[in-house]
2 protein chains.
Amino acid sequence: MGREKSATAEKIIKIASEIFAEQGYNGAKVDAIAKRAKVNKATLYYQIGDKATLYSAVLDRVLGQTINDVCHAVKGAGDPESKIKAFIHTLSVSSQAANFTAPIFLRELASGGKTLPDSALQHMGKLLGALTETIQQGIDEGIFRKVNPLFVHMMILGSILLYQTNEPIRRRNVAKNPEIYNPDHFLKNEESAEQILDLILSAIRA
Amino acid sequence: MGREKSATAEKIIKIASEIFAEQGYNGAKVDAIAKRAKVNKATLYYQIGDKATLYSAVLDRVLGQTINDVCHAVKGAGDPESKIKAFIHTLSVSSQAANFTAPIFLRELASGGKTLPDSALQHMGKLLGALTETIQQGIDEGIFRKVNPLFVHMMILGSILLYQTNEPIRRRNVAKNPEIYNPDHFLKNEESAEQILDLILSAIRA
DNA sequence: TAATTGTTCAACCGTTTAGTTAAAACATAT
DNA sequence: ATATGTTTTAACTAAACGGTTGAACAATTA
């Protein structure tokens with residue numbers, strides 16, 4: 001299945017991730033991607049195929065990487081609380097650092113995942129599975145109360161994605177009326193993950 | 001400023017909300033909007049103006065309505081816990097019922113709100129303001145612990161928007177492998193709001 | 001070295017798109 | 001009856017877009 005990709009193809013997919021994240025599928029123009037990747041458009045079609053195929057490759061790369069990071073970190077942690085911490089921290093860091101998970105994810109949700117390839121669906125399933133397992137473990141051990149893992153999942157994912165993607169809007173808001181500036185609204189990655197972790201643990205602890 | 005709109009203009013904006021929600025700004029075609037609204041394209045341009053203006057009107061309508069609903073419900077409630085309950089329930093119901101807040105909201109976040117008109121920014125500020133006030137009130141009364149209201153806000157908004165927009169993906173997942181079906185993943189509006197409320201209150205109670 | 005294969009390029013093609021135009025039909029009120 | 005505002009029809013434009021072509025270039029093999 002996964003035949004290895006040439007360096008040119010990798011470069012194109014990386015740049016395409018940026019542009020799809022910024023503009024969405026319909027907003028992203030093939031010419032713009034080729035230009036920013038510094039390859040001829042025909043090269044793009046030679047290496048990848050059509051626009052839809054390129055987008056699938058981007059989804060696979062972006063979602064796959066982030067979710068693998070998270071699942072790996074969760075496996076590496078011991079008790080359920082540490083696993084939750086690993087989940088939140090890794091997701092927060094990995095989805096921000098030089099990759100474009102959040103906007104792509106949100107856009108996919110907005111369109112009902114109509115174009116999500118099955119591989120991406122499996123990735124997402126893995127993510128939910130990892131958290132559900134952890135929470136169930138915590139419930140079994142008596143340290144978490146009985147909660148619906150799906151909603152905890154939505155809460156974690158939602159707050160991380162929204163906090164990240166909301167940043168430019170908060171900045172613009174402050175630029176418009178500086179008197180509302182509040183340092184608590186501009187926490188760094190690690191601090192924001194800490195805030196979310198604190199709220200989530202309080203929400204689910206027995 | 002807000003000169004009142006003709007019935008035709010209202011109809012166009014309503015249909016446009018649907019299509020922008022389904023397809024995003026770039027995916028939505030002016031011809032398709034005119035067709036579904038059963039008006040001639042020339043009428044659309046006569047009544048509204050260009051595509052960007054139409055989109056602004058949609059944003060104003062969709063965000064404005066939902067957020068007004070929420071703020072109104074919060075004002076009508078008494079103690080902070082009731083206000084939070086009103087916030088969550090109203091947002092959950094209003095953003096789903098025959099209006100298209102969630103996808104439009106998520107897409108705006110995904111693109112960093114580049115095209116958000118100032119009016120929409122103010123709406124969003126109102127929403128955050130209403131919650132922040134409520135939480136501060138609860139903290140002052142000693143029933144909530146000291147939490148960062150912004151993150152509570154992201155958590156509520158995030159879980160509601162994600163749960164809603166995630167539904168088709170969950171359905172598709174279950175269709176692919178029916179053995180994973182779980183009724184807890186397909187709660188009705190009111191029940192899901194209840195789940196979120198429960199988690200949020202546990203997270204912030206003193 | 002000559003032939004073969006894989007890769008890149010500039011130019012091009014057909015379609016779709018947002019937006020316009022002008023004339024005519026329809027509606028409403030003066 | 002006339003004037004004003006609104007909608008339709010249907011054709012049109014100019015630009016942008018996804019995708020293709022054929023030739024040039026580079027790497028590999030014989």
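Naming convention: chains lettered A, B, ... in sequence-line order (proteins, then strands); numbering from 1 in each chain.
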| Atom-pair distance (CD1 on B/Ile12; P on D/dT7), nearest Å |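 Value for this atom pair: 8 Å.
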Taking atom P of D/dT20 as reference, at what distance in whole Å does atom CG of A/Leu44 sit?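 Taking CG of A/Leu44 and P of D/dT20, I get 12 Å after rounding.
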When you measure from the side chain of [X], which nucleotide among [options] comes out closest?
X	options	value
A/Ala42	D/dT20, D/dG18, D/dT6	D/dT20
B/Thr8	D/dT7, C/dT20, C/dG6	D/dT7
A/Lys29	D/dC17, C/dC9, C/dT8	D/dC17
A/Tyr45	D/dT8, D/dG19, D/dT6	D/dG19
B/Lys51	C/dG19, D/dT7, C/dT8	C/dG19

Distance below 4.0 Å between [X] side-chain N/O and [N] OP1 or OP2:
X	N	answer
B/Asn40	D/dT7	no
A/Gln47	C/dG6	no
B/Thr43	D/dT8	yes

Check your understanding: D/dG18 base to A/Lys41 side chain: any donor-acceptor pair below 3.5 Å?
Key ->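 Between D/dG18 and A/Lys41, which were checked side chain against base, a qualifying N/O pair under 3.5 Å is present.
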Decide yes or no, distance alone: a donor-acceptor N/O pair under 3.5 angstrom between the base of C/dA18 and the side-chain of B/Asp50.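 Such a pair does not exist between side chain and base.
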Within a radius of less than 6.0 Å around NZ of A/Lys35, do more than 12 heavy atoms belonging to other residues, nucleotides or ligands occur?
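Atom NZ in A/Lys35 is not crowded, with 12 or fewer foreign heavy atoms closer than 6.0 Å.
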TODO: Give A/Ala28 one of three labels, base, sugar-phosphate or nothing, depending on what nucleic acid heavy atoms sit under 4.0 Å from its own.
DONE: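 Sugar-phosphate, backbone atoms only, no base.
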Considering only NZ, NE, NH1 and NH2 on the basic side and carboxylate oxygens on the acidic side, decide whether B/Asp198 and B/Lys85 come within less than 4.0 Å.
->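 Here B/Asp198 does not pair with B/Lys85 in a salt bridge, since their nearest N and O are not under 4.0 Å apart.
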| SB check B/Glu10 B/Lys14 (cutoff 4.0 Å) |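 Salt bridge: no.
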- Does the ring center of A/Phe20 lie less than 6.0 Å from the ring center of A/Phe100?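 Judged by ring-centre distance (under 6.0 Å), A/Phe20 and A/Phe100 do not meet the cut-off.
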